[in-house]
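Have a look at the structure below before the remarks.
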Amino acid sequence: MSERVKVLISEQEVSNRIQEIADMINRDYAGKNIHLICVLKGGVFFTCELAKKLTGKVSFDFMSVSSYGDDTKSSGVVRIVKDLDQPLEGKDVLVVEDIIDSGRTLSYLMEMLKGRNPESLRLCTLLDKPDRRVKDVKVDYVCFEIPDEFVVGYGLDYMQHYRNLPYIGVIEFMED
């Protein structure tokens, strides 16, 4: 079986929307230092592009979580693969994610981070698949709401490939 990628959201559309979201964040966080938490691995591309457009003081930390193991479906059990390096107490925290679908992982993660006493805690995602939601998650900033399709590019992968695409694409599988 082979695959091909069809463009869903162009590179220009992604860039324009990230600027719009950054403008909102800049207004909401005016006069505050923003502590970005990038959810690895997929969130790296989005986090870096977003950070370049933020006008205030920005600090970073990285976290890796998994609810998939070696499967393509979520097990529902969230495992912290890499925890934060810095405490969150008193910080204005913005969690940056590539995609939210079932909401299980982000629901767990946001509750855990809230327990670390940040001054504020918000969530920003590049892509949102609300049709797949099984856990309620408050998402403060959404770049794009997308249908329930398997997407790649801009940090999202299929078997660790396609992360480097500068656009969001839908992966289509074809019989050889």
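All values reported here derive from a predicted model rather than from experimental measurement.
Cluster membership for Ile80 and Val95, using ILVMFWY side-chain heavy atoms within less than 4.5 angstrom, is shared. Cluster annotation: Val139 and Val151 are assigned to distinct hydrophobic clusters (Ile/Leu/Val/Met/Phe/Trp/Tyr, side-chain heavy-atom contacts under 4.5 Å, transitive). Both Val39 and Met112 are part of a single hydrophobic cluster, where members link through side-chain heavy atoms under 4.5 Å apart. Linking ILVMFWY residues whenever their side-chain heavy atoms come closer than 4.5 Å, directly or via other members, places Phe144 and Ile168 in the same cluster. If you chain together hydrophobic residues whose side chains sit under 4.5 Å apart, Tyr167 and Val170 never meet in one group.
The residues Lys57 and Asp92 are annotated as not salt-bridged, no charged nitrogen and carboxylate oxygen being separated by less than 4.0 angstrom. Electrostatic pairing of Arg122 and Asp28 counts as a salt bridge here, judged by a charged N lying under 4.0 Å from a carboxylate O. Between Lys138 and Asp140, at least one side-chain N (NZ, or NE/NH1/NH2) sits under 4.0 Å from a carboxylate O, which counts as a salt bridge.
Between Ile146 and Ile9 the shortest side-chain heavy-atom distance falls below 4.5 Å. Here the side chains of Ile99 and Leu156 are in contact, with some heavy-atom distance below 4.5 Å. Proximity of His35 to Gln86: side-chain heavy atoms (C-beta onward) are separated by under 4.5 Å at one or more points. A 4.5 Å side-chain heavy-atom check between Phe60 and Val96 finds every atom pair outside the cut-off. Using a 4.5 Å heavy-atom threshold, the side chains of Leu54 and Ile34 count as touching. Annotation: side chain of Val152 is in contact with side chain of Leu165 (closest heavy-atom distance under 4.5 Å). When side chains are defined from C-beta on, Glu49 does not count as touching Val14, because their heavy atoms never get closer than 4.5 Å. You'll find the side chain of Leu84 reaches within 4.5 Å of the side chain of Leu113, heavy atoms only.
Among residue pairs with one or both ends in residues 143-156, those qualifying as salt bridge (charged side-chain N to carboxylate O under 4.0 Å, His left out) are Lys129-Asp148, Arg132-Asp148; sequence neighbours excluded.
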Which is it for Asp83 and Arg116 under the salt bridge (Lys or Arg N to Asp or Glu O under 4.0 Å) test, yes or no, and what are the steps along the way? CA-CA 12 Å; Asp83 206 341; Arg116 296 183 183 187; 2.9 Å; yes
Assess whether side-chain contact (heavy atoms from CB on, under 4.5 Å) is satisfied between Arg133 and Asp128, documenting all intermediate values. CA-CA 9 Å; Arg133 199 77 86 244; Asp128 188 13; 2.5 Å; yes
Could you walk me through whether Val65 and Leu40 pass the side-chain contact (heavy atoms from CB on, under 4.5 Å) check? CA-CA 7 Å; Val65 294; Leu40 297 172; over 6 Å; no
Let's go through Ile25 and Leu50 carefully: what are the C-alpha distance in whole Å and the side-chain angles of both, what is the deciding distance for side-chain contact (heavy atoms from CB on, under 4.5 Å) to 0.1 Å, and is it a yes or a no? CA-CA 10 Å; Ile25 292 168; Leu50 179 65; 4.0 Å; yes
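The two residues Val137 and Gly103 have their closest heavy-atom pair at CG2-O, 3.4 Å. The two residues Ser120 and Tyr29 make their nearest non-hydrogen contact at OG-CE2, 4.4 Å. Contact between Leu121 and Pro118 at its shortest, heavy atoms only, is CB-CG, 4.0 Å. Across every non-hydrogen atom of Cys38 and Thr47, the tightest pair is SG-OG1, 3.4 Å. Scanning both residues, Leu94 and Cys124, for their nearest heavy atoms gives CD1-CB, 3.9 Å.
In the displayed structure, Met159 atom CE is contacted under 6.0 Å by at most 12 heavy atoms of other residues, nucleotides or ligands. For Lys41, the NZ atom sits in a loose shell: 12 or fewer heavy atoms of surrounding residues, nucleotides or ligands are nearer than 6.0 Å.
Shown here are the side chain to side chain contact (heavy atoms under 4.5 Å, CB included) partners of Asn16, two or more places apart in sequence or in another chain: Gln12. Glu3 is linked by a side chain to side chain contact (heavy atoms under 4.5 Å, CB included) to Tyr158, Tyr162, Ile171, Phe173, counting only residues two or more places apart in sequence or in another chain.
Between the SG atom of Cys143 and the CD atom of Glu13 there is a distance of 12.0 Å, given to the nearest 0.5 Å. Considering CG of Leu106 and OG1 of Thr125, their distance stands at 7.0 Å, rounded to 0.5 Å. Taken to the nearest 0.5 Å, the CZ atom of Phe62 stands 8.0 Å off from the NZ atom of Lys82. Between the CD1 atom of Ile100 and the CG atom of Leu127 there is a distance of 9.5 Å, given to the nearest 0.5 Å. Atom NZ of Lys91 is separated from atom CG of Leu36 by 11.5 Å, given to the nearest 0.5 angstrom. Interatomic distance, Tyr154 OH to Leu126 CG, rounded to the nearest 0.5 Å: 7.5 Å.
A donor-acceptor pair is defined here as one N or O able to donate and one able to accept, closer than 3.5 Å; such a pair exists between the side chain of Asn26 and the backbone of Lys53.
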